[in-house]
Protein chains: 2
Amino acid sequence: MLIEIDFNSDEAFYMQIRNQVILNIAYGYLAPGETLPSVRQLAEDAGINMHTVNKAYSVLKQEGYVKIDRRRGAMIDIDYDRMKVLMELKSELRLVIAKSQCKKINREDLHALIDEIYDEKMEE
Amino acid sequence: MLIEIDFNSDEAFYMQIRNQVILNIAYGYLAPGETLPSVRQLAEDAGINMHTVNKAYSVLKQEGYVKIDRRRGAMIDIDYDRMKVLMELKSELRLVIAKSQCKKINREDLHALIDEIYDEKMEE
DNA sequence: ATTTCTGTTATATCAATCATATAACAGAGA
DNA sequence: TCTCTGTTATATGATTGATATAACAGAAAT
């Protein structure tokens, strides 16, 4: 798994890692049961501090994407609490939709955009 | 327009204001041409500092939701740069979709959820 | 003309967060 | 025993979030 830090981004390093791990899972590059690199290894590869990686892993654990075993490290283990996920997703989408409406992006535009994103994943 | 700060939230005050303004516009409670309360007025009403409100307004200006006139204050004036908006929306949705996929929320679920949010706005 | 309302700018301070650094610890495996 | 895990503890520096006080320029109302 490749993770790269954009040192010029205004997004926190640990959030960049967290997001890239989520994207890797979604794309199928990381399957449940597989382990993430150790905090020290990833820190070295990415050129950042161990604790920053550790924070990213802690967030991923808290959000239900990995479980951390002292010996094996962080393993992909997803918590499927559908109700919880739908609630969180809904409040996140409420703001996305509000922003869209302000900018005259309507319901159909949004549906189309989502399909577009789903379809672009097939091109690889 | 009513804006309330959740002092227990971990979300920055200026982002809470920014988000609530966007929601107010989307819901039609704030129309283009209307003005926001003055930074001092809103600060007093919400129980926070003037500069925090000022920061929220600056962000809203930078994101193309308001224009600020020295005499009138912040006026709703939306920049409709469709291409720009679609690009930003797309990268935002990519992560939302990735998170959803990890949690076994599929394409149809997402479409349904969006319709659900659109429809709930009609109930008022 | 003076007062009063805008946003804006300049400082300063304090707390929290982000990132780094060094160091040590416990547990598991080779 | 050595080496690999994550974990914990401390410390430091930079940045951000929020507050505070103060002053300024421009416009509007009286």
Side-chain angles (χ1 to χ4, degrees), chain A residues 1 3-22 30 32-79, chain B residues 1 3-22 30 32-79:
Chain A
M1 185 193 51
I3 285 187
E4 280 189 340
I5 298 296
D6 178 358
F7 290 94
N8 296 317
S9 170
D10 57 345
E11 194 168 36
F13 296 168
Y14 80 93
M15 282 301 284
Q16 291 188 38
I17 295 175
R18 173 261 199 188
N19 290 343
Q20 287 184 49
V21 169
I22 290 175
L30 267 175
E34 290 191 76
T35 55
L36 297 177
S38 76
V39 288
R40 289 170 230 261
Q41 185 62 52
L42 179 50
E44 192 184 353
D45 293 348
I48 59 174
N49 190 274
M50 183 195 75
H51 294 97
T52 306
V53 178
N54 196 51
K55 180 160 185 178
Y57 285 10
S58 296
V59 170
L60 285 166
K61 175 188 171 189
Q62 197 274 325
E63 294 179 339
Y65 292 98
V66 305
K67 278 195 177 162
I68 297 176
D69 187 72
R70 204 156 206 161
R71 49 201 167 181
R72 294 184 209 168
M75 194 176 74
I76 307 295
D77 184 340
I78 296 172
D79 170 35
Chain B
M1 185 193 51
I3 285 187
E4 279 189 341
I5 298 297
D6 178 359
F7 290 95
N8 296 318
S9 170
D10 57 346
E11 194 167 37
F13 296 169
Y14 80 93
M15 282 301 285
Q16 291 188 39
I17 296 174
R18 174 261 198 188
N19 290 343
Q20 287 184 49
V21 169
I22 290 175
L30 266 176
E34 290 191 77
T35 55
L36 297 176
S38 77
V39 290
R40 288 170 230 259
Q41 185 61 53
L42 179 50
E44 193 184 353
D45 293 348
I48 59 174
N49 191 274
M50 182 196 76
H51 295 97
T52 306
V53 178
N54 197 50
K55 180 161 186 177
Y57 285 9
S58 296
V59 170
L60 285 167
K61 176 187 171 189
Q62 197 275 324
E63 294 178 339
Y65 292 98
V66 306
K67 279 196 176 161
I68 297 176
D69 187 72
R70 205 155 207 161
R71 49 201 168 181
R72 295 184 209 167
M75 193 176 75
I76 307 295
D77 184 341
I78 296 172
D79 170 35

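Naming convention: chains lettered A, B, ... in sequence-line order (proteins, then strands); numbering from 1 in each chain.
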Take the protein atom [atom1] of [X] and the nucleotide atom [atom2] of [N], then report the distance between them rounded to whole Å.
{"X": "A:N8", "N": "D:dT15", "atom1": "CG", "atom2": "P", "value": "14 Å"}
{"X": "A:K61", "N": "D:dT7", "atom1": "NZ", "atom2": "C1'", "value": "10 Å"}
{"X": "B:N54", "N": "C:dA10", "atom1": "CG", "atom2": "C1'", "value": "13 Å"}
{"X": "B:D69", "N": "D:dA27", "atom1": "CG", "atom2": "C1'", "value": "9 Å"}
{"X": "A:E11", "N": "D:dT15", "atom1": "CD", "atom2": "C1'", "value": "16 Å"}
{"X": "A:H51", "N": "D:dG13", "atom1": "NE2", "atom2": "P", "value": "17 Å"}
{"X": "A:R40", "N": "C:dA23", "atom1": "CZ", "atom2": "C1'", "value": "11 Å"}
{"X": "B:Q41", "N": "C:dG7", "atom1": "CD", "atom2": "P", "value": "10 Å"}

- Item | Nearest-0.5 Å distance, CG of residue A:L30 to CD of residue A:Q20 | 11.5 Å
- Kindly compute the distance separating NZ (B:K55) from CE (B:M15), expressed to the nearest 0.5 Å. 10.0 Å
Please determine if a side-chain N or O atom of [X] lies less than 4.0 Å away from the OP1 or OP2 oxygen of [N].
{"X": "B:T52", "N": "D:dT19", "value": "yes"}
{"X": "B:Y57", "N": "C:dG7", "value": "no"}
{"X": "A:Y14", "N": "C:dA19", "value": "no"}
{"X": "A:K55", "N": "C:dA19", "value": "no"}
{"X": "A:S38", "N": "D:dT5", "value": "yes"}

- Comparing nearest nucleotides in DNA chain C, the 5'-proximal residue of the pair A:I48, B:G73 is B:G73
- Nucleotide of D:dA22, C:dT20, D:dG6 approaching A:F13 most closely (side-chain heavy atoms): C:dT20
- Task: Sort out for me which residue in B:Q62, B:E63, B:K61 forms a side chain to side chain contact (heavy atoms under 4.5 Å, CB included) with B:Y65.
- Result: B:E63
- For the ring pair A:F13 and A:F7, is the centre-to-centre distance below 6.0 Å? yes
- Compare all side-chain heavy atoms of B:Q16 with those of B:D6 and state whether any distance is below 4.5 angstrom. yes
